[in-house]
Protein chains: 4
Amino acid sequence: MAKEDKRIDILRAASRVFYLRGFEGTKIDDIAKEAGIGKGTVYEYYHSKQELFDKAVSYNREQYIEQVKATLSQDGTLRDKFIAFAKYQTELVKTHIPIFNMMCTSKIIAREMGALMLEQNIRVAEILTGLVKKAVDQGELREDINPEMAAAVMIGTINQYSSKKVIFFDAQPEDIDYEQMADIIFKGIG
Amino acid sequence: MAKEDKRIDILRAASRVFYLRGFEGTKIDDIAKEAGIGKGTVYEYYHSKQELFDKAVSYNREQYIEQVKATLSQDGTLRDKFIAFAKYQTELVKTHIPIFNMMCTSKIIAREMGALMLEQNIRVAEILTGLVKKAVDQGELREDINPEMAAAVMIGTINQYSSKKVIFFDAQPEDIDYEQMADIIFKGIG
Amino acid sequence: MAKEDKRIDILRAASRVFYLRGFEGTKIDDIAKEAGIGKGTVYEYYHSKQELFDKAVSYNREQYIEQVKATLSQDGTLRDKFIAFAKYQTELVKTHIPIFNMMCTSKIIAREMGALMLEQNIRVAEILTGLVKKAVDQGELREDINPEMAAAVMIGTINQYSSKKVIFFDAQPEDIDYEQMADIIFKGIG
Amino acid sequence: MAKEDKRIDILRAASRVFYLRGFEGTKIDDIAKEAGIGKGTVYEYYHSKQELFDKAVSYNREQYIEQVKATLSQDGTLRDKFIAFAKYQTELVKTHIPIFNMMCTSKIIAREMGALMLEQNIRVAEILTGLVKKAVDQGELREDINPEMAAAVMIGTINQYSSKKVIFFDAQPEDIDYEQMADIIFKGIG
DNA sequence: TATGAATGAGACTTCATTCAT
DNA sequence: TATGAATGAAGTCTCATTCAT
């Protein structure tokens with residue numbers, strides 16, 4: 001228990017620091033201090049910096065995917081689900097899970113992390129693609145659309161507009177007009 | 001002349017290596033070898049690794065923005081421009097300019113690079129937003145749309161669908177169905 | 001009682017591990033595991049790794065010297081004693097007491113261990129030298145020999161031939177022809 | 001040239017320090033200081049401490065074997081050769097080549113070094129054994145001796161008596177009575 | 001008394017930067 | 001101007017020792 005709790009404590013501390021400074025920019029000592037423990041103690045729980053990083057990525061990814069699934073499995077139309085997902089994704093970026101940035105800050109991204117990032121993005125896209133197909137079947141969307149592309153429009157728009165507003169302009173998640181975002185995606189800009 | 005040429009040579013060599021290995025993962029010696037010169041020579045042209053990195057980022061950003069401007073200033077409807085931009089962006093990712101990845105591989109991303117990335121993305125978004133406004137004025141788009149958001153839909157969709165297909169699934173830029181992408185954005189998915 | 005037994009247990013466990021891995025290559029945890037106890041417990045009996053090492057060396061040395069004395073105090077001619085000693089020394093190397101190797105595996109050999117090694121070797125040499133003198137008196141050996149050198153011939157030959165055969169060629173102690181060895185030493189090679 | 005000279009300089013400096021303190025007890029910084037260079041420079045010439053150690057052992061071993069061969073190939077009887085070899089071996093221990101001690105001071109002795117030590121000792125023993133055989137053929141030695149064992153008597157006696165006198169009692173190599181040593185070996189102690 | 005989690009000093013190694021040639 | 005050998009600061013990881021339980 002206490003042992004496992006501490007493992008998680010260290011993982012979360014590591015996540016915070018990796019998030020802020022990236023893999024290379026993070027010193028084990030930083031993580032130890034963030035967790036309020038000694039440097040050597042980190043190594044009692046994780047064998048290497050790399051392992052700690054990988055575990056932190058996995059941990060946050062799991063958390064993320066679970067939340068996405070929960071968000072998208074709520075009742076309602078695809079429009080409702082989209083708005084819920086957009087809100088969640090925006091909150092996420094603002095507040096807590098550092099997964100996106102963590103993936104962008106390691107020198108090894110070009111090798112191992114590419115697959116991880118892909119997998120996660122693919123899984124979310126797949127879930128959304130499935131929902132799009134169902135919505136087509138139920139007549140909520142027009143029949144001639146490419147579901148995969150439709151899912152890309154949704155995810156892409158959120159990442160481009162919503163997340164960036166929050167990250168770069170310090171906007172609050174509640175300031176985003178999700179209804180308008182849904183309108184423009186569902187009705188088109190033309 | 002020759003001096004200035006060599007500066008650019010080094011800059012381009014640095015861009016290639018930074019792109020592949022990130023800031024921390026790149027050794028000055030790697031850059032020197034890539035440029036076919038000695039390690040000390042790099043320091044005759046740039047005072048530090050950090051300066052070289054910054055200059056490489058700026059250089060690639062300039063090139064990128066210039067190309068985007070050229071692409072979007074061609075004659076035609078917004079739809080035409082969108083397709084041209086999507087093609088360019090996709091080619092870009094596939095072939096050469098390492099700007100996106102460079103931004104993801106430095107330990108300083110959270111601090112200085114955030115602003116750079118923002119600025120570039122903002123500039124492209126601004127250009128597109130301007131074109132959207134013009135298209136609204138010319139009746140090509142409906143009047144009630146938020147131009148900024150419309151631009152985000154376009155950029156976001158390209159990044160999510162097109163770039164990912166190319167990056168992660170090794171698709172060729174010419175395999176992407178840009179017409180379909182334009183349709184879904186202009187007509188909406190609803 | 002039990003306390004003193006445990007001290008010896010730890011000492012023997014330490015001897016085995018030091019023997020295999022040397023001073024620096026041995027972790028306190030290895031010794032604890034070999035002794036079937038916890039790491040902290042080792043420190044209840046010995047104040048430091050260095051003390052434990054020193055005590056282990058002393059312990060094995062005592063045991064060794066006692067055995068050598070017993071072997072050499074048996075009845076018989078010097079030739080008999082030599083053969084008995086050669087057998088014992090060969091068995092020793094093969095089976096159990098790690099004293100020689102322990103002495104070769106510490107970083108402190110050049111300083112403190114030199115004296116220890118010397119002392120032990122000297123004591124054996126002295127005992128043998130004494131026996132040689134007695135044998136001279138009893139007419140078993142010729143009168144003009146240097147007893148110290150004669151002892152060196154005996155010890156040196158055993159170490160060079162017998163021990164090496166066993167250590168490096170995995171010969172069995174009983175495969176050695178001790179009679180032939182005695183012959184060559186007593187009669188000379190000339 | 002200068003580069004190769006420096007490689008050797010470092011190797012010799014490393015040999016001296018390894019000799020005094022053993023593998024584990026030697027810090028790269030010690031070697032650098034002994035060589036009068038910076039710590040990083042050592043790594044310009046050798047990739048790791050282990051490589052440097054291995055190279056130092058090999059280097060000293062080569063030097064040693066060459067010298068032994070030269071010593072034993074001089075004209076004269078076996079007795080003459082023995083005396084020359086004993087002198088050389090004694091000088092060696094006193095003055096310069098740290099091979100024996102180096103081999104005794106690493107934690108890896110039990111694994112890799114065993115073979116090296118064996119090989120060297122075997123080679124010397126083989127050379128001597130060959131000379132013994134030749135001496136038997138020429139009637140210098142009696143016919144019924146075991147040449148391998150005779151060689152062991154010679155090497156063992158030198159190591160036990162001569163080297164120890166020098167190492168532990170600080171005797172000078174010229175103080176040793178090599179004639180007496182030859183007598184006792186050739187005529188026997190009996 | 002016995003334990004093992006926690007600790008931090010210290011070692012190896014890397015690499016940006018300097019500078020003599 | 002061009003070079004690459006030299007350097008040492010700094011980071012990762014190990015492990016002897018301590019101490020609360």
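Just so it is clear, the model here is predicted, and its values are computed rather than measured. Residue numbers begin at 1 in each chain, while the letters A, B, ... track the order of the sequences.
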Q: Measure from CG on D30(C) to C1' on dT14(F) and round the result to the nearest Å.
A: 12 Å
Q) Would you call the rings of F18(D) and F53(D) parallel, tilted or perpendicular, where under 30° means parallel and over 60° means perpendicular? A) perpendicular
Would you mind writing out the side-chain donor-acceptor pairs for residues 29-39 of chain A within the sub-3.5 Å range, not counting sequence neighbours?
unit_1 : atom_1 : unit_2 : atom_2 : d
D29(A) : OD2    : K33(A) : NZ     : 3.0
D30(A) : OD2    : K27(A) : N      : 3.1
E34(A) : OE2    : R16(A) : NE     : 2.6
E34(A) : OE2    : R16(A) : NH2    : 3.3

Q: Rounded to the nearest angstrom, tell me the gap between atom NZ in K33(B) and atom P in dC15(E).
A: 12 Å
(Q) Nearest whole Å is fine: how far is dT14(F) P from Y46(A) OH? (A) 17 Å
Q) Side-chain N or O of T41(D) less than 4.0 angstrom from OP1 or OP2 on dA5(F)? A) no
**Q.** Residues S58(A), K55(A); criterion side-chain contact (heavy atoms from CB on, under 4.5 Å); working and verdict
**A.** CA-CA 5 Å; S58(A) 296; K55(A) 291 270 168 63; 5.6 Å; no
Q) Within 45° of the six-membered ring axis of F23(A) and under 6.0 Å from that ring's centre, is NZ or CZ of K49(A) located there? A) yes
Q) Separation of L52(D) atom CG from dC12(E) atom P, in whole Å? A) 11 Å
Q.
Go nucleotide by nucleotide along DNA chain F from the 5' end; which of G38(B) and G38(D) gets its closest nucleotide reached first?
A. G38(B)
Q: Give a yes/no on whether any side-chain N or O of Y45(B) is located under 4.0 angstrom from OP1 or OP2 of dA2(F).
A: yes
(Q) For a 4.5 angstrom cut-off between non-hydrogen side-chain atoms, does D54(C) reach Q50(C)? (A) yes
Q | Whole-Å distance separating the CG atom of D9(B) from the C1' atom of dA2(F) | A | 15 Å
Q.
Quick check against the 3.5 Å criterion: does Y46(A) have a side-chain atom that pairs as donor or acceptor with the backbone of I10(A)?
A. no
**Q.** Letter per nucleotide, 5' to 3', of nucleotides 16-21 of chain F [B base touched, S only sugar-phosphate touched, - untouched; heavy atoms, 4.0 Å]
**A.** SBB---
Q. For dA2(E), does either OP1 or OP2 sit under 4.0 Å from a side-chain N or O belonging to K6(C)?
A. yes
Q. Can you give the dot-bracket line for DNA chain E, where a pair is Watson-Crick or G-U wobble with both atom distances under 3.5 Å, crossing pairs use [ ], and | marks a partner on another strand?
A. .||||||||||||||||||||
Q: Would you check if the side chain of Y59(D) reaches a backbone N or O of I8(D) as a donor-acceptor pair within less than 3.5 Å?
A: no
(Q) For Q63(C), is there any backbone N or O sitting under 3.5 Å from a side-chain donor or acceptor partner on Q67(C)? (A) no
**Q.** Test: K3(A) cationic atom under 6.0 Å from Y45(A) six-membered ring centre, within 45° of axis
**A.** yes
